[in-house]
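Okay, structure first, notes after.
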Amino acid sequence: CLTKKLYGGVEFVEERHRHRYEVNPEKVEALEAAGLKFVGRDVEGERMEVAELPDHPYFVAVQYHPEFLTRPLRPSPPFHGFILAACGQLELFFDPKRKSNSSPPVG
């Protein structure tokens with residue numbers, strides 16, 4: 001999934017959960033049948049934490065607060081991916097021929 005790639009392939013991400021709104025577990029199957037993919041869940045596997053639309057240029061929705069770990073020169077992976085996609089640089093960022101995926105190409 002795109003979000004896992006943005007986080008460098010790690011299996012677990014610890015972020016502050018936003019708890020005001022949540023996905024109704026009874027609706028997950030219908031939402032996934034319609035194309036939305038829940039690619040991240042809480043440690044119990046009950047709450048949907050990350051969703052993606054695979055056929056969209058950049059549709060990543062998170063249930064946590066990525067802004068808490070964002071810094072001016074070190075954006076959180078969801079924000080970084082959004083900026084890369086908006087600039088048309090997301091595919092280049094994941095290109096294995098690049099030396100590092102820590103920052104977008106310059107120029």
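Within the model, atoms CD of Glu67 and CZ of Arg16 stand 9.0 Å from one another, a figure rounded to the nearest 0.5 Å. How far CZ of Phe94 is from NZ of Lys5: 5.0 Å, rounded to the nearest 0.5 Å. The structure places CG of Asp42 at 7.5 Å from CE of Met48, a figure rounded to the nearest 0.5 Å. To the nearest 0.5 Å, atom CG of residue Leu6 and atom CZ of residue Phe93 are 7.0 Å apart.
Although no hydrogens or angles enter the test, the distance criterion places a donor-acceptor pair under 3.5 Å between the side chain of Thr70 and the main chain of Ser76.
Under 3.5 Å, the side chains of Thr3 and Glu52 contain a donor-acceptor pair of N or O atoms.
Val62 and Phe59 end up in different hydrophobic clusters when Ile, Leu, Val, Met, Phe, Trp and Tyr side chains are linked at under 4.5 Å. By the criterion of side-chain heavy atoms lying less than 4.5 angstrom apart, applied directly or through intervening Ile, Leu, Val, Met, Phe, Trp or Tyr residues, Val10 is grouped together with Val50 in one hydrophobic cluster.
Taking a cutoff of 4.0 Å between a charged side-chain nitrogen and a carboxylate oxygen, Arg47 and Glu22 qualify as a salt bridge.
Using cut-offs of 30° and 60° for the angle between ring planes, the Phe82 and Tyr58 rings count as tilted. Using a 30° and 60° split on the angle between ring planes, His65 and Phe68 fall in the parallel class, below 30°.
Closest of all the heavy-atom pairs between Pro75 and His80 is CG-CB, 3.9 Å.
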Q: Could you check Leu90 against Leu2 for side chain to side chain contact (heavy atoms under 4.5 Å, CB included), going step by step and ending with a plain yes or no?
A: CA-CA 10 Å; Leu90 189 60; Leu2 177 58; 4.1 Å; yes
Q. Can Arg41 and Val28 be said to form a side chain to side chain contact (heavy atoms under 4.5 Å, CB included), step by step?
A. CA-CA 12 Å; Arg41 298 173 187 242; Val28 170; 4.3 Å; yes
Q: Evaluate the side chain to side chain contact (heavy atoms under 4.5 Å, CB included) criterion for residues Phe38 and Leu31: first the C-alpha distance (whole Å), next the side-chain angles of each, then the deciding distance (0.1 Å), finally the verdict.
A: CA-CA 9 Å; Phe38 292 101; Leu31 291 167; 3.8 Å; yes
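Using a 4.5 Å heavy-atom cutoff, the side chains of Glu15 and Tyr7 are in contact.
Looking at residues two or more places apart in sequence or on another chain, you find no salt bridge (charged side-chain N to carboxylate O under 4.0 Å, His left out) involving Glu14.
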